[in-house]
Number of protein chains: 2
Amino acid sequence: MLETKAQRQSDRRAEILDAAERCFARAGFHRASMQDICGEAAMSPGNLYRYFPSKEALIAGICERNRAEAVASFAMVDAAPEFFEGLAGLARHHLVDRSRDEVALCAEIMAESRRHPEIAKLYQDIEKDIRDRIAGILKQAASRDEIRRDVDLDAAASVLMLLGDGMSWRRSVDPGFDAEKVLPLILAMVRGLLAKPDDDAPARGENA
Amino acid sequence: MLETKAQRQSDRRAEILDAAERCFARAGFHRASMQDICGEAAMSPGNLYRYFPSKEALIAGICERNRAEAVASFAMVDAAPEFFEGLAGLARHHLVDRSRDEVALCAEIMAESRRHPEIAKLYQDIEKDIRDRIAGILKQAASRDEIRRDVDLDAAASVLMLLGDGMSWRRSVDPGFDAEKVLPLILAMVRGLLAKPDDDAPARGENA
DNA sequence: AAAATGAGAATGAACGTTCACTCCAATAAT
DNA sequence: ATTATTGGAGTGAACGTTCATTCTCATTTT
């Protein structure tokens, strides 16, 4: 009984966040009105405000909800038998499988985080978390002798994130962009940067 | 006399666009009010509206103004003695020299272009222009035997744009991001992708 | 005098948020 | 067994504010 009550409230919050995600992805943060979100969530404004104290809190909620998912997806790399294979899987998951709306929503949140200090902090925490995790994966791979050691791995982590951002951005902004087409080139490039000189050659013949 | 009149009007428009750029970079498109822009331009709303018919037209104006500059910057690559040198110069110009505000403004425009169809069209025209120019440069370099020929050069152009977007994005969103630090890695990566196998080795020792 | 340039108050719509209220299920009192 | 009481869930009209845009009128230029 006690649990079901908390559960119901949590479910309601999730429903609201779903509705807000749809609205924000469709119209952007500022053009999506609370009335729109209320309509999408089939709920009156007054009631919605019992669950979230402000519009800003909706973004924060979406952020936090996505955080777990994003971070969890790194388990994939750990699980993969070999580093580059895991990286490819991660890239595919993040950059090809995700819908255009998801990506657009992400861009929306990132843009908004430049302004609301509270969201900026939350967002940067998440970024830091992800960066650390990537750096950790790189260091682990280095210690397993799967990648070169004479590369600045922190800088390399930045490069990987940058590649992810670039692909996300291009996908959301350029309708003609074909993620499937460039992904092999990207992976070859990363391999060229990180692979040990011995393992470098085999990757080359593939991208003609 | 006739020219000075047109000149004065053009100057006024430029001043307004400068003011709008500052406001948009600071507060974003939706949170920068026309009153703010009027204040920044030291001009009354009524007068400003004689120069630009709407807020949206301000973004369009900024877009068009930046277009010439962006496209012109590609002359640098043509002027460089060697392909990768020109590319490095271009990257530095676009990604390190530009102020954070400029980059943020660019992100702002890109985000907004997802919604206003008119701006979207304008923006995508510019993107196409840039992509074609990059592809042209790549093809020229290939014909000069400066880069590999067995790479999909159109896809490579996408990759280069994606790298630019990624760096811009990261710069505007991540205060700790050090463009200077990652740029060598990026260039090494691109070299690894495009350089002819013979010329590949010399680039390697540099990025320890 | 006519036209262009400018100012700034006015307008009306849209927005985020609040508030007074209803509804309903569950418990407590009779 | 019936009747109060409670309190969380939900409503939707209303509020104050903000904003893009327009209107009216003054000043300067030609």
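To find a chain, count down the sequence lines: A is the first, B the second, and so on, and within it residues start at 1. Just so you know, these numbers use all the heavy atoms, side chains as well, and skip hydrogens, waters and symmetry mates. Because the structure is predicted, anything quoted here is derived from the model rather than measured.
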Short heteroatom pairs, N/O only, protein and nucleotides 20-22 of chain D, under 3.5 Å:
unit_1: D:dA20; atom_1: OP1; unit_2: B:A32; atom_2: O; d: 3.4
unit_1: D:dA20; atom_1: OP1; unit_2: B:K55; atom_2: NZ; d: 2.2
unit_1: D:dA20; atom_1: OP2; unit_2: B:M34; atom_2: N; d: 2.4
unit_1: D:dT21; atom_1: OP2; unit_2: B:Y49; atom_2: OH; d: 2.5
unit_1: D:dT21; atom_1: OP2; unit_2: B:K55; atom_2: N; d: 3.0
unit_1: D:dT21; atom_1: O5'; unit_2: B:Y49; atom_2: OH; d: 3.2

Between [X] ([atom1]) and [N] ([atom2]), how many Å, whole number?
| X | N | atom1 | atom2 | result |
| --- | --- | --- | --- | --- |
| B:M43 | C:dG8 | CE | P | 12 Å |
| A:D36 | C:dA14 | CG | P | 12 Å |
| B:R50 | C:dA3 | CZ | C1' | 11 Å |
| B:Q9 | C:dT5 | CD | C1' | 10 Å |

* Should we say atom CD of A:E85 is surrounded by more than 12 heavy atoms from elsewhere, each under 6.0 Å from it? -> yes
* Which part of the nucleic acid, if any, lies within reach of A:F52 when heavy atoms closer than 4.0 Å are counted: base, sugar-phosphate only, or nothing? -> nothing
* Asked: Which part of the nucleic acid, if any, lies within reach of A:R31 when heavy atoms closer than 4.0 Å are counted: base, sugar-phosphate only, or nothing?
  -> nothing
* Phosphate OP1/OP2 of D:dG8 contacted by A:R8 side-chain N/O (<4.0 Å) -> no
* Using only side-chain N and O atoms of A:N47, determine if any of them is under 4.0 Å from OP1 or OP2 of D:dA9. => no
* Asked: Where the side chain of A:S44 is concerned, which of D:dG12, C:dT5, D:dA9 is the nearest nucleotide?
  -> D:dG12
* Structure fact -> Across all chains, not counting sequence neighbours, the side chain to side chain contact (heavy atoms under 4.5 Å, CB included) partners of B:Q35 are B:S33, B:P45
* **Any side-chain heavy-atom pair of B:S158 and B:M161 under 4.5 Å** => no
* To do: State, yes or no, whether a side-chain contact exists between B:L105 and B:R98 at a heavy-atom distance under 4.5 Å.
  => no
* Pairing residues for B:H30 by the ring-ring contact (aromatic ring centres under 6.0 Å, His included) criterion, not counting sequence neighbours -> A:H30
* Asked: Any cation-pi pair here, B:R144 with B:F83, using under 6.0 Å and within 45°?
  -> no
* Where along residues 13-21 of chain B does a heavy atom fall under 4.0 Å from DNA chain C? -> none
* Structure fact -> Here the side chain to side chain donor-acceptor pair (under 3.5 Å) pairs for residues 173-184 of chain A, sequence neighbours left out, are A:R92-A:E180, A:D174-B:R131
* Between A:R22 and A:D18, is there a side-chain N and carboxylate O pair less than 4.0 Å apart? -> no
* Can you tell me which residue pairs pass the salt bridge (charged side-chain N to carboxylate O under 4.0 Å, His left out) test with a partner in residues 27-37 of chain B, sequence neighbours excluded? => none
